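Okay, structure first, notes after.
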There are 2 protein chains.
Amino acid sequence: MVQKRFFGSSAEMYLKTIAELAHEREPVPVTSVADRLGISTVSASEMIHRLEDRKFVKHRPYKGVYLTAEGRRKANGVIRRQRLWECFLTNGLGIPWEHVHDFACQLEHATDPVVTEALADYLEHPATCPHGNPIPTADGEMPALEGVPLVNLMPGEKGVILRIHPVSEELVKHLDERGISPGREIEVTEIAPFNGPQSIEVGDEIHVLGREVAAHVMVQQAADTR
Amino acid sequence: MVQKRFFGSSAEMYLKTIAELAHEREPVPVTSVADRLGISTVSASEMIHRLEDRKFVKHRPYKGVYLTAEGRRKANGVIRRQRLWECFLTNGLGIPWEHVHDFACQLEHATDPVVTEALADYLEHPATCPHGNPIPTADGEMPALEGVPLVNLMPGEKGVILRIHPVSEELVKHLDERGISPGREIEVTEIAPFNGPQSIEVGDEIHVLGREVAAHVMVQQAADTR
DNA sequence: TTATTATATTAGGTCATCCTTATAATATCA
DNA sequence: TGATATTATAAGGATGACCTAATATAATAA
Ligand SMILES: [Mn+2]
Ligand SMILES: [Mn+2]
Ligand SMILES: [Mn+2]
Ligand SMILES: [Mn+2]
């Protein structure tokens, strides 16, 4: 018999998702949690009640959910496991970075703390995952998030891609096909009128990115040297 | 949305367990499956019905259960994943071999085929797990099992430890504490009367092993050179 | 062959995690 | 402020995986 867990991979996914969405807005609307997880709002609501019973989240009706300190710790643990596995899958196993997200999302729920820390040692404690997102510490702290959303840059402004928000494999693939990955230097060449898409110069190519997409790309903005 | 699976980790454990027990006796009594999984016979019986509906096993009432070809393929897939992870956890991460069994038993249910094969490449396609058990092929075939049970050796007979049946972490620890691991040369020095325990010489120490334990240790018997 | 034992099934739960449909309550915008 | 849109809850189900207690049936040993 393995030890009885208080919750399974489903609850872990809720916590992780809430933690991720909290970077965009807090409290996190239950609806957005449901959307992100592809689950009905009724089911999401149910689960959030259970998580509240267990003191992992606090729900303000009609406002949204917050993680408690304990919930954040748990969520960061899941995120740590996912991002460490992402590192191993890309650097160790050579799986393309746009595919590792989902694979790691399975492994993250099946990884003992002993294995997690042994893996961290093995990888020599990387600071970020292949998508540039910081890896939480072993005691559940999330490092500060650097950078500004690419969508905020105006034409003529330059920067270096820092990280891509962990939303979905589709997003990463979309960006990868356009040469957008952590470390690349970019320049916004144009913004279409009426809140239209941005044109981005990467290397010597120019790609057009929708605002929704560009909102998930974080950049280190270059000092304006004119 | 991830793909909808027909069964979860529980059903995989049943298939793996049936495959393992089938080496000792076939058909496999439902009771022994239940015992090995630490589950009531009623529950095991229910699950075996479900597995039969899905054509993974065939149940002969009052006799036991067989794997179908498809069930064996599935079971060998699980075993392949477990043993590959065991290799990585010991050789890659440096986790002691007596601990990797349970960790790998979690990971085996969360590993995509793409990851499995990338891992096999990475490990350079090992033939056996750290316990000496052969790793099934990518298409679900189990290599032939060599060796005879240590418990069958008579006093004076020698051999080399080939593998330890994948039963439990306790068994492995018990053996490890007595210096019994794959590759070691041993000699049976004595068998206590009335089907008693065997005394085994390993290196220059002598350890006493119960018959139950010794039945799970497989050896390559040395030619009797007298 | 009968008594004992092993095995299976029936009945009636629990719990986590999902669903749809319908209704109630709140927020927000005009 | 009142209408509309969001959000929450209530009601009733489903499924997979587990449980105990009681009963039925087949296998086997005396
Ligand atoms: Mn996940
Ligand atoms: Mn990542
Ligand atoms: Mn397992
Ligand atoms: Mn093994």
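Just so it is clear, the structure is predicted and the values come from calculations on it, not from any experiment.
- Each of Val42(A) and Val30(B) was assigned the nucleotide of DNA chain C with the nearest heavy atom; the assignment lying further toward the 5' end belongs to Val30(B).
- Side-chain contact between Asn152(B) and Val219(B): absent, with no pair of heavy atoms (C-beta onward) separated by less than 4.5 Å.
- Between Ser10(A) and dC18(C), a side-chain N or O to OP1/OP2 separation shorter than 4.0 Å is present.
- The side chain of Arg50(A) has dT17(C) as its nearest neighbour among dC19(D), dG16(D), dT17(C).
- Residue His49(A) has its side chain nearest to dT9(D) when only dT9(C), dC19(D), dT9(D) are considered.
- An OP1 or OP2 oxygen of dA27(D) is reached within less than 4.0 angstrom by no side-chain nitrogen or oxygen of Arg60(B).
- As rounded to whole Å, 15 Å separates atom C1' of dC15(C) from atom CG of Leu51(A).
- Relative to the side chain of Pro29(B), the nucleotides dG16(D), dC19(C), dT7(C) differ in distance, and dT7(C) lies closest.
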Atom pairs and distances, donor-acceptor, side-chain atoms in residues 24-39 of chain A, under 3.5 Å, two or more places apart:
residue, atom, partner, partner atom, Å
Ser32(A), OG, Pro29(A), O, 2.7

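- Rounded to whole Å, the distance from CG on Leu15(A) to P on dA16(C) is 15 Å.
- Rounded to whole Å, the distance from CG on Asp35(A) to C1' on dT6(D) is 12 Å.
- For the pair Lys63(B) and Gly64(A), both in contact range of DNA chain D, the more 5′-proximal nearest nucleotide belongs to Gly64(A).
- Checking side-chain atoms of Arg50(A) against main-chain N and O of Glu46(A) turns up no donor-acceptor pair under 3.5 Å.
- A donor-acceptor pair under 3.5 Å is formed between the side chain of Arg211(B) and the backbone N or O of Gly196(B).
- Sequence neighbours left out, the pairs with a member in residues 80-89 of chain A that pass salt bridge (Lys or Arg N to Asp or Glu O under 4.0 Å) are Glu12(A)-Arg81(A), Arg80(A)-Glu117(A).
- Rounded to whole Å, the distance from NE2 on His59(B) to C1' on dT9(C) is 11 Å.
- Going from atom CD of Glu52(B) over to atom P of dA8(C) covers 11 Å, rounded to whole Å.
- Considering only the side chain of Ser45(B), dT9(C) comes nearest among dA17(D), dT9(C), dA16(C).
- Taking atom CD of Glu46(A) as the reference point, atom C1' of dA16(C) lies 10 Å away to the nearest angstrom.
- Remark: Tyr14(B) is in phosphate contact with dC18(D), judged by side-chain N or O atoms under 4.0 Å from OP1 or OP2.
- Taking atom NE2 of His109(A) as the reference point, atom C1' of dA16(C) lies 15 Å away to the nearest angstrom.
- Within the 4.0 Å cut-off from OP1 or OP2 of dA17(D), not a single side-chain nitrogen or oxygen of Ser43(B) is found.
- Contact annotation: Ser40(B) reaches the phosphate of dC19(D) (side-chain N/O to OP1 or OP2, under 4.0 Å).
- Atom P of nucleotide dT7(D) and atom CD1 of Ile39(A) are separated by 17 Å, given to the nearest angstrom.
- Across all non-hydrogen atoms, the minimal contact from Ala44(A) to Tyr14(A) is CA-OH, 3.6 Å.
- Judged by distance alone, with hydrogens and angles left aside, Tyr62(B) brings a side-chain donor or acceptor within reach of the base of dT25(D), the pair sitting under 3.5 Å.
- Look at Thr41(B) and you won't find any side-chain N or O under 4.0 angstrom from OP1 or OP2 of dT7(C).
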